[in-house]
Amino acid sequence: MFNKLISSQKKFFHTGVTRSYDFRIKALDSLQKSILKFESSIYKALEKDLNKSAAETYLTEIGIALNEISFHKRHLKKWMKIKKVKSSLAQFPGKNYIYSEPYGLVLIIAPWNYPFHLCLLPLIGAISSGNTVVIKPSEHSAQSSSVIAEIISSTFKSEYISVVQGSVDESTALLEENFDYIFFTGSTQVGRIVMGAASKNLTPLTLELGGKSPVIIDSSANISLAAKKVAFGKIINAGQTCVAPDYLLIEESIEKQFITQFETAVNKFFFEDKSKDAMVRIVNKKHYNRLKNLLKDGDIVFGGKFNDDENFIEPTLIKNVTLKSAIMKEEIFGPLLPIITYSNIEEAIEYVRNFNKPLSLYIFSQSKENIDRILKNCSFGGGCINDVLMQLTNPNLPFGGIGSSGFGSYHGKKSFDTFTHYKSIFKQSGFFDMPLRYPPYSENKLKLIKKILK
């Protein structure tokens, strides 16, 4: 289905044009200008797809992409330099170098929840690294996917960067092609399919998945601030975020106080407007109905209202859930937050260990001892202390999962690394040769070899 496109991109890559610094910088400049040119179209698309406000769109989609481009432009020349490394005694008098080279043809499969952010950030890394790119945006955010296609087609030649729109059939057909690298963001279930397809050609890949990201709050925390930040983490994109707080582990003595402060925070965010017109909607009926069914688990202590006509569910706190509850068996990916109490920090740590390693973990505490115990005993992709989501905002922090929440990472320099093969080169003198390595091997030679290689 895509033979012609794949062939043209591989041919263009092998011209060597994309490898130069000037070409990469110009491509980043062009993408930056195009994002600004289509800014109003991006706002409209996300409003139609998710009811996302202009402010939230800039905060979580456009602004992050523009910041990432600026970061790459500032550092690209340094990243591309040939790196000289120390030689070993066995290599005397030779020299050692590390060359960075692009993988070649890259496939980026992007999700619907942050259709621009999660498409453009890996794209920026692929451009910086000198690759050609095929992008497959999600069919569930159709308006955004159309704008992405328009941005790319109006900015780059199709043999360099191209967008393929469609659904499962198109994604399946693309995965049958022989790419040099695959970057996938989405569910663990689909991630397994992508990894299986990549294995047929031994294609390296990055999987950015998700999981049940916990929030742990102890009695030393600033409860009102913790409640406000956790509410923010659940309201942004209506909780349809791979690093959103998924469930709350809270010391039992402060549970009631947290619930009160959470309600206060939500009402302040929406100016006491219970219709919450400014909040993002659930992307489609399938996900909306799934979340509605999860409302049946436990006891609702705040929120719980919904609107079938608008795919709207308000931020909701749910008590009295167990590991057997449906809401605790899957990543929620919505504005619902189950509350589980604990009496000591070891109990909370043990609860986290009942699940696969999450993409994120959040700690609210002023206890250095509790923070250290959680960090040392819980394995997760990344996270925050006394905040949520903000680990995503710094290009100096690599972002990625571990175990079933994914592998590989990106953002900033790590994006350049992800789409780059580092080629190790040893250069020996053409006039000098070390006879020690050649047979025949005497006892004296062996002694010398041992001294050199120890």
Side-chain angles (χ1 to χ4, degrees), residues 1-7 9-10 13 102-115 118-119 121-123 125-126 129 131-141 145 161-213 240 242-243 246 283-284 286-287 290 329-333 355-360 379-381 398-410 414-415 417-421:
M1 183 186 291
F2 299 109
N3 289 346
K4 188 176 179 180
L5 173 63
I6 301 303
S7 177
Q9 288 219 345
K10 286 189 174 184
F13 175 75
Y103 273 104
L105 175 56
V106 169
L107 172 62
I108 295 172
I109 303 177
W112 53 262
N113 57 324
Y114 292 91
L118 296 177
C119 169
L121 260 67
L123 173 62
S129 304
N131 300 277
T132 58
V133 187
V134 174
I135 302 166
K136 172 58 182 68
S138 174
E139 67 275 18
H140 298 304
S141 49
S145 295
I161 303 174
S162 186
V163 175
V164 172
Q165 295 196 72
S167 57
V168 175
D169 289 344
E170 285 72 20
S171 296
T172 302
L174 282 170
L175 287 170
E176 290 173 355
E177 300 291 342
N178 190 2
F179 288 89
D180 296 301
Y181 200 93
I182 297 174
F183 190 102
F184 170 80
T185 305
S187 69
T188 302
Q189 180 184 2
V190 180
R192 290 191 178 99
I193 296 171
V194 173
M195 189 172 179
S199 70
K200 294 176 182 176
N201 292 311
L202 296 179
T203 304
L205 76 165
T206 293
L207 295 180
E208 295 295 343
L209 308 177
K212 296 191 73 63
S213 297
Q240 298 170 116
C242 58
V243 292
D246 191 272
V283 67
N284 56 35
K286 177 184 175 182
H287 288 286
R290 177 184 63 82
K329 290 182 178 179
E330 60 180 274
E331 183 180 3
I332 295 169
F333 225 65
F355 298 98
N356 290 325
K357 297 174 182 180
L359 185 56
S360 295
S379 183
F380 54 95
F399 173 74
I402 181 172
S404 63
S405 62
F407 54 80
S409 56
Y410 70 125
K414 201 64 182 175
S415 288
D417 293 341
T418 289
F419 295 105
T420 295
H421 168 63

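Here the structure is a predicted model, which is why all the values come from computation and not from measurement.
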Within residues 162-176 or reaching into it, pairs that qualify as side chain to side chain donor-acceptor pair (under 3.5 Å) - sequence neighbours excluded: none
Backbone N/O of Val106 and side chain of Asn131: donor-acceptor pair under 3.5 Å: no
Exam field: side chain Ser415 to backbone Pro122, donor-acceptor pair closer than 3.5 Å: no
Donor-acceptor pair, side chain of Lys136 and main chain of Gly166, under 3.5 angstrom: yes
Lys10 atom NZ, neighbour heavy-atom count above 12 within 6.0 Å: yes
Just list the side-chain donor-acceptor pairs under 3.5 Å for residues 184-197, sequence neighbours left out, or say none.
residue	atom	partner	partner atom	Å
Ser187	OG	Val190	N	3.2
Thr188	OG1	Ser404	O	3.3

Set of side chain to side chain donor-acceptor pair (under 3.5 Å) partners for Ser213, sequence neighbours left out: none
Check: Ile109 and Leu175 side chains under 4.5 Å, non-hydrogen atoms: yes
Close side-chain approach of Ser405 and Phe380, heavy atoms under 4.5 Å: no
Donor-acceptor contact below 3.5 Å, side chain Asp246 vs main chain Ile332: yes
Set of side chain to side chain donor-acceptor pair (under 3.5 Å) partners for Ser141, sequence neighbours left out: none
Summary of side chain to side chain donor-acceptor pair (under 3.5 Å) pairs that have at least one residue in residues 193-207, sequence neighbours excluded: Tyr181-Thr206
Main-chain N/O of Thr418 paired with Ser129 side-chain donor or acceptor, under 3.5 Å: no
By side chain to side chain donor-acceptor pair (under 3.5 Å) - contacts of Arg290 (at least two apart): Glu330
Closest non-hydrogen atom pair, Pro137 against Val164: CD-O, 3.3 Å
Close side-chain approach of Leu209 to Leu359, heavy-atom, < 4.5 Å: no
For Cys242 against Phe399, the heavy-atom pair lying closest together: SG-CZ, 4.2 Å
